[in-house]
There are 2 protein chains.
Amino acid sequence: MSACEKAFNALGDPTRRLIFEKLRDRPLAVVDIADGLSVSRPAVSQHLKVLREAKLITMYQKGTRSICQVDREGVLAMRNYLDNFWNEALAAFKLIAEQTEKDHE
Amino acid sequence: MSACEKAFNALGDPTRRLIFEKLRDRPLAVVDIADGLSVSRPAVSQHLKVLREAKLITMYQKGTRSICQVDREGVLAMRNYLDNFWNEALAAFKLIAEQTEKDHE
DNA sequence: ACTTACGGTAAGCAAATACTTACCATTAAG
DNA sequence: CTTAATGGTAAGTATTTGCTTACCGTAAGT
């Protein structure tokens, strides 16, 4: 279930979260992502690389522009991880509750 | 929706993810978390503080031991964020798809 | 062909952060 | 009361990592 190790690493950085959220509403070129942000374009490029390797975004060429968009794979992987985590935590909690109940009777 | 800023930061670190996952199956004392990990106990304490402030775990005293367990608040906040994100991304995608369809007729 | 727009990569720097050792406080047990 | 167990905090170090400038490559426009 640690297919999303990289995804958690990637979204651990506030600037990358900003970029990620910018792409939620529409695909954007690198240059469009960069302006409005307080960091340089090369910095953005580096962040995009991390997001790409985490499968949180995909990119394709369109002329000289590199268009970025969110990648369902990474997003769903994280969602799945958290769902799973929570279900198992809940199950474990119930098991322990039953156990301690037994101890008290 | 950025109630989980801290949660993403917290789970951005691999050691903290390890600790977090250790707690999925059962509550543990700090000392129990520390052994098995490759870092010192004080390091664990510091990580626990971060996880606590991110509302990913809660702690309570039991004698000299501090028992840690997962906190639903943080987990559900992240899950919610990702659900929301994905829904909005999907909606945006459809909107754009419809738009470009129009352009082609 | 020349120029402009776009963007990836490298090297170096600066800031953040994860880790260690040392120390102290609290609680239970002898 | 003394000792052992547990764990939080502080100070300092070291590693990581995010950022910048500089440079180069590619694709479109003139």
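Per chain, numbering begins at 1; letters A, B, ... match sequence-line order.
Nearest approach of A:Asp25 to B:Ala92, heavy atoms of both residues: O-CB, 3.1 Å.
In this structure, B:Asn9 CG and B:Leu51 CG are separated by 11.5 Å, a value rounded to the nearest 0.5 Å. One finds the CG atom of A:Asn80 at 11.0 Å from the CZ atom of B:Arg79 (value rounded to the nearest 0.5 Å). Note: B:Ile33 CD1 to B:Ser66 OG = 9.5 Å, rounded to the nearest 0.5 Å.
Residues of residues 26-40 of chain B that place a heavy atom closer than 4.0 Å to DNA chain C, in numerical order, are B:Ser38, B:Val39, B:Ser40. Residues from residues 42-54 of chain B lying near DNA chain D, meaning a heavy-atom separation below 4.0 Å, are B:Pro42, B:Ser45, B:Gln46 in numerical order.
Between the NZ atom of A:Lys62 and the C1' atom of C:dG7 there is a distance of 17 Å, given to the nearest Å. Distance, B:Gln61 CD to C:dT27 P: 8 Å, rounded to whole Å. Here the C1' atom of nucleotide C:dG7 and the CE atom of A:Met59 are 8 Å apart, to the nearest Å. Here C:dC19 presents its P atom at 10 Å from CG of B:Leu18, a figure rounded to the nearest Å. Between A:Arg65 atom CZ and C:dA5 atom P the separation is 12 Å, expressed in whole Å. When rounded to the nearest whole Å, the span between CD1 of B:Ile57 and P of D:dG7 equals 12 Å. Rounded to an integer number of Å, the gap from CD1 of B:Ile19 to P of D:dG7 is 13 Å.
Base engagement by B:Arg41 is indicated by at least one non-hydrogen atom pair under 4.0 Å involving a base atom.
Annotation for A:Arg72: atom CZ does not count as buried by contact number, only 12 or fewer foreign heavy atoms lying within 6.0 Å. Taking a 6.0 Å sphere around CZ of A:Phe93, one finds it holds 12 or fewer heavy atoms contributed by other residues, nucleotides or ligands.
Checked for salt-bridge contact, B:Glu53 and B:Lys6 miss the test: no charged N lies under 4.0 Å from a carboxylate O.
Counted by atom type alone, B:Glu21 and A:Tyr81 present one or more donor-acceptor pairs between their side chains at under 3.5 Å.
For C:dT26, the OP1/OP2 oxygens have no side-chain nitrogen or oxygen of B:Ser66 closer than 4.0 Å.
Under the 4.5 Å side-chain heavy-atom criterion for ILVMFWY residues, no single connected hydrophobic cluster contains both A:Val39 and A:Val31.
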